[in-house]
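Worksheet for the structure shown next.
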Amino acid sequence: MLAFAGVTPGMKIGELIPGGGYMTRVFSKAIGPTGKLYAFAGPVAEGRPPVLEAVMKEAATYPNVSVVTTDFVTVKSPEPLDLVWTSQNYHDLHNPGRNIDLVAANKQVFNALKPGGTYIVLDHSAPVGAGTNSTTHRIEPELVKKEVLAAGFEYVGDSNVLRNPADPRDKTVFDPSIRRKTDQFILKFRKPA
């Protein structure tokens, strides 16, 4: 996945909706001490553990990581980025009650990138024609493409490394029969230089 995204030492990366910090740790090590990772996380609901809590407790191990709080409507980066990455969370931006204009949100990502910068969206695949579903936590790759392209990006390609044709794509991603074995897509976009 890192090779597909073009991750190299010294890069400036924005990780959109970092979850528990798995990819945060991977990116931090891959970009090294001259790189910088901005973890764009939403406000924490009261009573829930903070996003990236484990990574932030290990701050000495990950000194190149900073958390930036966002509402996902406005994505402000402290500096121009080489890459913005989101894993298994793009579908959540469509959840009821969020009221997020995804084209406008993707435009914010576009504005955070350097010319020629890369935007990667990795998510659980929904069946063709399903769009997005907050119950199954899946989204149709074509819907993602449509929204990201409408923000001004160029489509570069996709990777099949996480595809699983055996996934019926009709169950929640948390169903024990498919958990950690879902059909996932990785789409790569570029901000024109």
Assess the residue pair R25 and T61 against the criterion (side-chain contact (heavy atoms from CB on, under 4.5 Å)); give the C-alpha distance rounded to whole Å, side-chain angles, the decisive distance to 0.1 Å, and a yes or no. CA-CA 9 Å; R25 290 179 177 91; T61 306; over 6 Å; no
With distance as the sole test, does K188 use its side chain to make a donor-acceptor pair with the main-chain N or O of F4 at under 3.5 Å?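 Flag set: sc K188 to bb F4 pair under 3.5 Å.
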Is there side-chain contact between [X] and [Y], with heavy atoms separated by less than 4.5 Å?
X    : Y    : value
D123 : V144 : no
V65  : E15  : no
Q108 : T70  : no
F27  : M11  : no
S125 : P141 : yes
Y38  : L81  : yes
V7   : L83  : yes
E140 : V128 : yes

Same hydrophobic cluster for [X] and [Y], using side-chain heavy-atom links shorter than 4.5 Å among ILVMFWY?
X    : Y    : value
I13  : Y22  : yes
Y90  : Y155 : yes
L187 : L93  : yes
F185 : V156 : no
I100 : F110 : yes

Atom pair CD1 (I186) and CE (M1), whose distance is rounded to the nearest 0.5 Å: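 So the gap between those two atoms works out to 6.0 Å.
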If I take atom OG1 from residue T132 and atom NE2 from residue H137, how far apart are they, to the nearest 0.5 angstrom?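 Result: 10.0 Å between the selected atoms.
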Walk me through whether L37 and Y62 qualify under side-chain contact (heavy atoms from CB on, under 4.5 Å). CA-CA 9 Å; L37 176 63; Y62 304 100; over 6 Å; no
So, is the end of the K76 side chain (NZ or CZ) under 6.0 Å from the ring centre of F40 and within 45° of the ring's axis?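 Judged by the rule (NZ or CZ under 6.0 Å from the ring centre, within 45° of its axis), K76 is not positioned above F40.
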Where is the tightest heavy-atom contact between [X] and [Y], given as atom of each residue plus distance?
X    : Y    : result
P168 : I178 : CD-CD1, 4.5 Å
V67  : A41  : CG1-CB, 4.3 Å
H91  : Q88  : CE1-O, 3.0 Å
K12  : T34  : NZ-O, 3.0 Å
P18  : T24  : CB-OG1, 3.7 Å

Could you verify whether a donor N or O on one side chain and an acceptor N or O on the other, from K36 and S66, lie under 3.5 Å apart?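 There is such a pair between these side chains.
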Before you tell me yes or no, could you show the steps for L122 and W85 under side-chain contact (heavy atoms from CB on, under 4.5 Å), namely the whole-Å CA-CA distance, both residues' side-chain angles and the distance that decides it to 0.1 Å? CA-CA 8 Å; L122 182 163; W85 173 287; 4.0 Å; yes
Which atom pairs, donor and acceptor, lie under 3.5 Å between side-chain atoms of residues 112-121 and protein residues at least two apart or in another chain?
from	atom 1	to	atom 2	distance (Å)
K114	NZ	D82	OD1	3.0
Y119	OH	N106	OD1	2.8

Please lay out, stage by stage, how T86 and M23 fare under the test side-chain contact (heavy atoms from CB on, under 4.5 Å). CA-CA 9 Å; T86 186; M23 288 304 297; over 6 Å; no
Does anything in residues 151-172 pair up under salt bridge (Lys or Arg N to Asp or Glu O under 4.0 Å), and if so which pairs, sequence neighbours excluded?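 Salt bridge (Lys or Arg N to Asp or Glu O under 4.0 Å) check on residues 151-172 returns R138-D167, R163-D183.
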